[in-house]
Amino acid sequence: MIMLMLETACRVSELLSLKVNSIYINTSEPYIKFDGKGKKQRVVMINQGMAQTLKDYFDIFHNNDYSPVTDLVFYTIHDGQATQMSSRTFQTLLSKYCKFAREKDLTFPERVHPHMLRRSRATLFYQENVPYELVSGILGHERLETTAIYATPSLEMIREAVGNGLVKQHDEPPRWKSLMHEVAQYLGPTNNTKRTN
């Protein structure tokens with residue numbers, strides 16, 4: 001579940017309501033159909049590694065004699081029935097695995113919530129130079145302005161922008177030099193201005 005969120009930048013609600021027939025992994029270009037806000041459907045491609053992980057998951061949790069009959073990809077069992085997992089249960093699982101990660105690497109955040117997974121992947125899309133409009137479509141945003149909060153440049157992107165001369169030096173002389181008289185009125189006379197009566 002964590003891997004899928006990191007792979008697709010889906011919302012936790014989309015992850016928990018995901019249906020088996022929305023996953024297309026037996027193809028050369030695997031993808032998932034998510035039902036987003038306002039019942040709007042979008043397609044997100046996944047890599048072959050994620051597709052294989054999902055195949056392995058289905059073999060264990062959907063295709064054996066002990067698997068419950070359900071169209072939910074991820075589920076919990078209540079009174080012998082498969083039901084949709086709550087976001088609170090997912091948060092508990094996420095916290096558990098993040099605790100394991102922090103034991104191996106103290107730079108890992110102490111608290112992680114599901115939206116951080118979505119935001120992290122969205123930021124990586126941007127830093128990998130995926131076109132802005134495409135990132136917006138993958139996230140299921142109606143407006144580009146919503147996607148802007150994820151557009152955090154990496155240090156490498158900033159270094160490259162400066163190195164490529166995207167930040168230009170201006171040949172135009174500073175305007176304040178021709179306005180010394182006005183500057184003197186606000187700041188007092190300077191060596192280059194004459195006091196006027």
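On a predicted model such as this, the values are computed, not experimentally measured, just so you know.
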In one Ile/Leu/Val/Met/Phe/Trp/Tyr side-chain cluster, 4.5 Å: Leu93, Ile77:
yes

Distance col, row Ile2:CD1 vs Leu94:CG, nearest 0.5 angstrom, shows 5.0 Å

Would a 4.5 Å heavy-atom cut-off, applied to side chains only, mark Cys10 and Phe34 as touching?
yes

Between Ser95 and Thr92, is there a side-chain donor-acceptor contact under 3.5 Å, judged purely by atom types and distance?
no

Could you grab the distance from atom OG1 of Thr53 to atom CD of Gln48, nearest 0.5 Å is fine?
11.0 Å

Taking all atoms of both residues into account, what is the closest heavy-atom pair of Lys33 and Leu18, and its distance?
O-CD1, 3.8 Å

From Glu29 CD over to Ile46 CD1, what is the distance, rounded to the nearest 0.5 angstrom?
12.0 Å

Euclidean distance, Thr76 OG1 relative to His78 NE2, rounded to 0.5 Å:
3.5 Å

Is it the case that one hydrophobic cluster holds both Met85 and Ile60, taking links as side-chain heavy atoms less than 4.5 Å apart, direct or via other members?
yes

Which pair of heavy atoms, one from Met5 and one from Leu15, lies closest together, and at what distance?
CG-CD2, 3.7 Å

4.5 Å side-chain heavy-atom contact, Pro30 and Met45
no

Of all heavy-atom pairs between Asn47 and Gly49, which one has the smallest distance, and what is that distance?
OD1-N, 3.0 Å

Compare all side-chain heavy atoms of Ile23 with those of Phe58 and state whether any distance is below 4.5 angstrom.
yes

Contact summary for Leu16 and Leu72, nearest pair of heavy atoms:
O-CD2, 3.9 Å

Is there a path of hydrophobic side-chain contacts, each under 4.5 Å between heavy atoms of I/L/V/M/F/W/Y residues, joining Phe74 to Val69?
no

Check: Val73 and Phe61 side chains under 4.5 Å, non-hydrogen atoms
no

Give a yes or no on this: more than 12 heavy atoms of other residues, nucleotides or ligands lie within 6.0 Å of atom NZ of Lys19.
yes

Before accepting this row, confirm whether a basic side-chain N of the pair Arg42/Glu14 lies closer than 4.0 Å to the acidic partner's carboxylate O.
yes

Which heavy atom in Val12 sits nearest to a heavy atom in Pro114, and how many Å separate them?
CB-CB, 3.9 Å

More than 12 heavy atoms of other residues, nucleotides or ligands under 6.0 Å from CD of Gln52: yes or no?
yes

Tyr75: ring-ring contact (aromatic ring centres under 6.0 Å, His included) partners, not counting sequence neighbours
His62

For Glu110, salt bridge (charged side-chain N to carboxylate O under 4.0 Å, His left out) partners two or more places apart
Arg102

Do Tyr31 and Val44 have side-chain heavy atoms sitting under 4.5 Å apart?
no

Rounded to the nearest 0.5 Å, how far apart are CZ of Phe108 and CD of Glu103?
12.0 Å

Nearest-0.5 Å distance that lies between atom CE in Met116 and atom SG in Cys98
8.0 Å

Ile32 versus Ile25: any side-chain heavy-atom pair under 4.5 Å?
no

Over all heavy atoms of both residues, which pair between Ser67 and Asn63 is shortest? Give the atoms and the distance, please.
OG-N, 3.5 Å

Side chains of Phe90 and Met1, heavy atoms from C-beta outward: is any pair under 4.5 Å?
yes

Looking at Asp105 and Thr107, would you say the former's side chain and the latter's main chain have a donor-acceptor pair under 3.5 Å?
yes

